Number of protein chains: 2
Amino acid sequence: MTIKDIAKACGVSVSTVSRVLNERPDVSEAVRRQVLDVVERHNYIPNTSARDLVRSQSDNLGVVVRGTGTPFFSDMLKTVTKEIDAAGYNMVLRQIGSDDDEVKAGAILEREKKLRGLLFLGGRYDYTPAELALVGVPYVCCSYTNQFGSLKKEDFASVSIDDHATAYRAVTTLIEHGHRRIAALVPSCSDHSISQLRCNGYIQALEDHGIAVDDALIVESGGFDMERAYKATCALLDSGTDFTAIFAVSDVMAIAAIKALADRGRCVPEDCSIIGIDGIELSKYSLPTLTTMVQPVEQMARESVHILVELLRREGAPRHILLDTTLREGGSIRQL
Amino acid sequence: MTIKDIAKACGVSVSTVSRVLNERPDVSEAVRRQVLDVVERHNYIPNTSARDLVRSQSDNLGVVVRGTGTPFFSDMLKTVTKEIDAAGYNMVLRQIGSDDDEVKAGAILEREKKLRGLLFLGGRYDYTPAELALVGVPYVCCSYTNQFGSLKKEDFASVSIDDHATAYRAVTTLIEHGHRRIAALVPSCSDHSISQLRCNGYIQALEDHGIAVDDALIVESGGFDMERAYKATCALLDSGTDFTAIFAVSDVMAIAAIKALADRGRCVPEDCSIIGIDGIELSKYSLPTLTTMVQPVEQMARESVHILVELLRREGAPRHILLDTTLREGGSIRQL
DNA sequence: GGAATTTTCGGAAACGTTTTCGGTATTTGT
DNA sequence: ACAAATACCGAAAACGTTTCCGAAAATTCC
């Protein structure tokens with residue numbers, strides 16, 4: 001079932017059918033109706049390959065994610081898929097490991113799949129202009145860092161939260177509850193990732209409240225996963241350093257920390273308070289319910305693809321959206 | 001950069017370049033090397049649209065998932081993506097809601113994206129032959145049910161666990177610990193889904209051990225999500241029915257149940273034992289650590305795409321793989 | 001009513017591949 | 001050394017679209 005068959009069945013030319021299908025104005029209403037009718041009846045679907053070939057472009061949007069499998073990104077991915085679909089594009093997904101280079105991965109994907117645009121979910125962008133030049137399509141970065149300023153505002157779009165401020169607020173919350181010996185559970189505080197931004201927020205909050213930063217209280221797990229967060233917390237406990245609260249960079253890490261504490265006989269929040277960041281669904285079902293800074297995941301995902309689509313339609317310049325996080329009180333913080 | 005450019009640069013014809021690229025035998029070693037060299041230097045990538053057009057087929061594998069966002073399927077998806085990629089195919093993902101029809105979704109996807117094959121992740125297959133005839137490419141069902149036998153063994157491939165036996169084993173474990181008033185937390189026991197299979201395993205285990213099935217102990221939440229599992233557990237508690245253990249159909253439901261119990265002042269496992277199914281990573285970090293029947297997720301995912309690829313290469317008939325589940329002891333069961 | 005537009009449509013080229021068919025070279029067999 | 005087989009390669013058609021160009025038909029304008 002090709003466009004020729006439809007043309008024949010309608011007694012018109014292929015070009016006319018094509019015009020109808022592409023909603024071009026120069027076709028009479030009568031013909032349009034008839035063609036549409038025949039198309040419907042034969043339920044004809046245009047051949048994407050042929051179309052892409054002649055247009056020399058596809059409807060593919062690349063999504064490169066670092067760390068699928070984490071609830072946060074898997075939630076994000078869920079709405080991203082939906083939105084991309086709704087916008088009439090195809091999603092081609094590439095997940096990369098923690099050691100991979102997102103820009104390079106994006107560039108390869110772009111060539112392989114003839115992408116129209118790219119969406120980076122998570123990641124660290126300390127790239128040189130030369131590296132960034134590898135990607136030749138519009139792209140938006142979601143939940144990203146740009147610490148070195150290697151990304152030029154006018155070259156790309158973004159949607160994110162203010163990681164520094166969010167961490168600041170989380171730690172301040174702990175301080176307001178009377179805590180002063182607050183540990184930070186972070187994947188790393190010098191990898192130029194989001195982890196570092198949040199770590200800085202932690203430090204800033206302490207300083208602003210006249211609390212000395214104790215390096216022994218900053219534990220670097222080496223990754224966002226539960227296993228390493230668990231081990232890092234154990235290491236902290238074993239070190240003998242005393243603390244009354246933990247600021248965890250993500251909810252999953254917070255949950256792993258709670259487990260580590262419990263395994264060492266410490267209860268949350270009686271013996272130790274804890275706060276996370278993300279607001280994943282699971283955090284509502286932990287024991288105790290996790291107090292956390294929730295990110296508007298759905299909105300972030302939605303805005304991301306909307307912006308990308310806008311960019312592709314050449315409507316307006318790249319936008320940079322900063323969304324608010326909100327504190328959701330659970331039972332994991334105790335007033336001292 | 002097209003195949004013509006490469007041909008020109010090599011002083012050979014397009015056909016020859018094409019042959020080299022497709023690893024056909026009838027090309028001399030000298031020419032092959034030269035072409036490959038030029039291709040490498042220009043880092044030329046063939047135009048997929050043109051190729052797909054003339055071959056009138058793509059390298060797309062469709063994956064339709066019911067219920068992304070759940071840790072189990074998101075884990076599965078992770079390796080599925082990787083494997084499909086490694087096999088040189090593209091994954092096109094379609095996630096469907098709980099009310100959607102997977103076969104129809106697959107059939108639509110198949111036409112839209114010119115799929116070579118389909119992979120169904122999760123789902124209920126009580127379809128008529130006519131409905132199944134809609135899908136015209138090889139497909140494999142992973143983690144599925146086929147209660148009505150509408151799928152003919154020779155028409156498709158599958159990989160799954162023995163849901164009945166797994167549930168049976170889980171419940172038996174509770175019984176062996178002295179429990180006799182065991183509640184079942186299930187999405188539904190009559191929807192022809194995996195939930196129903198596991199529910200039947202529960203019933204069978206009780207009967208085989210001489211325990212009367214009490215309908216009041218079977219709570220149907222209406223879905224696999226935490227929220228409904230939580231509410232269902234609350235309803236069970238409110239009903240006043242006494243029980244000493246809960247068999248949850250999935251780990252996330254079990255975790256939600258633990259939360260519900262805790263919120264009503266009941267501790268696990270002191271006041272109530274609980275066992276789940278899935279073995280998601282999170283279950284290792286719940287309080288207490290969840291005792292659960294773990295599914296070999298990675299293996300399931302890997303086998304699924306391997307089988308699909310085999311099918312596409314017409315190597316051997318559709319296979320049906322049944323994988324083993326193993327009990328992982330946590331601390332959520334108490335000996336009575 | 002005739003010229004000038006405008007609307008509507010068909011013909012044909014083009015997109016970048018794969019593949020069939022046939023034709024030279026080259027090798028093999030005797 | 002000559003025929004036959006084989007290895008290697010090029011020309012060209014085909015895949016199903018879109019789009020440019022021009023032509024016919026319908027409409028508008030004076």
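Within every chain, numbering begins at 1; the chains are lettered A, B, ... in the order of the sequence lines, protein sequences first and strands thereafter. In this text, all values refer to a predicted model and were calculated from it rather than measured experimentally.
In this structure, the CG atom of A/N47 is 18 Å from the P atom of C/dC15, given to the nearest Å. Atom CZ in B/R55 sits roughly 22 Å away from atom P in D/dA13 (whole-Å rounding). Whole-Å rounding puts the B/M1 CE to C/dT17 P distance at 10 Å. The OH-C1' distance, from B/Y44 to C/dT17, rounds to 7 Å in whole Å. If you take NZ of A/K8 and C1' of C/dC9, they are 18 Å apart, rounded to a whole angstrom. At whole-Å resolution of the value, CG in A/D52 and P in C/dT17 are 14 Å apart. Regarding A/L21, its CG atom lies at a distance of 8 Å from the P atom of D/dT17, rounded to whole Å. Taking atom CD of A/Q57 as the reference point, atom P of C/dA14 lies 20 Å away to the nearest angstrom.
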- Task: Given salt bridge (charged side-chain N to carboxylate O under 4.0 Å, His left out), test A/D37 with A/R33 step by step and report yes or no.
- Result: CA-CA 6 Å; A/D37 184 57; A/R33 275 187 203 287; over 6 Å; no
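The side chain of A/L53 has C/dC15 as its nearest neighbour among D/dT18, C/dT17, C/dC15. Nearest to the side-chain atoms of A/V54 among the listed nucleotides D/dT18, C/dG10, C/dT17 stands D/dT18. The B/D26 side chain lies nearest to D/dC9 when the options are D/dC9, C/dC9, D/dC15. If you check D/dC20, C/dG16, D/dC9 against the side chain of A/R19, the one that comes closest is D/dC20. Taking every side-chain heavy atom of B/S28 into account, D/dC8 is the closest of C/dT17, D/dC8, D/dG10.
Contact annotation for B/R24: backbone-only contact, meaning every heavy-atom pair under 4.0 Å involves sugar-phosphate atoms and none involves a base. Residue B/N22 is in sugar-phosphate contact alone, with no base atom involved, counting any heavy-atom pair closer than 4.0 Å across all strands shown. Within the 4.0 angstrom heavy-atom criterion, only backbone atoms of the sugar-phosphate kind lie near A/T2; the bases stay farther away. At the heavy-atom level, A/S56 lies nowhere under 4.0 Å from the strands shown.
Taking CG of B/L121 as the reference point, atom CG of B/L119 lies at 5.0 Å (rounded to 0.5 Å).
A distance of 6.0 Å or more separates the ring centres of A/F120 and A/Y144.
Surrounding CD of B/E281 are more than 12 heavy atoms belonging to other residues, nucleotides or ligands, all under 6.0 Å away.
Scanning both residues, B/L109 and B/V63, for their nearest heavy atoms gives CD2-N, 4.5 Å.
Contact annotation: A/S18 side-chain N/O to D/dT18 OP1/OP2 distance is under 4.0 Å.
Residue side chain B/S15 reaches the base of D/dA11 through a donor-acceptor N/O pair under 3.5 Å, judged by distance alone.
Ranked by how close their nearest DNA chain D nucleotide is to the 5' end, B/A50 and A/V14 are led by B/A50.
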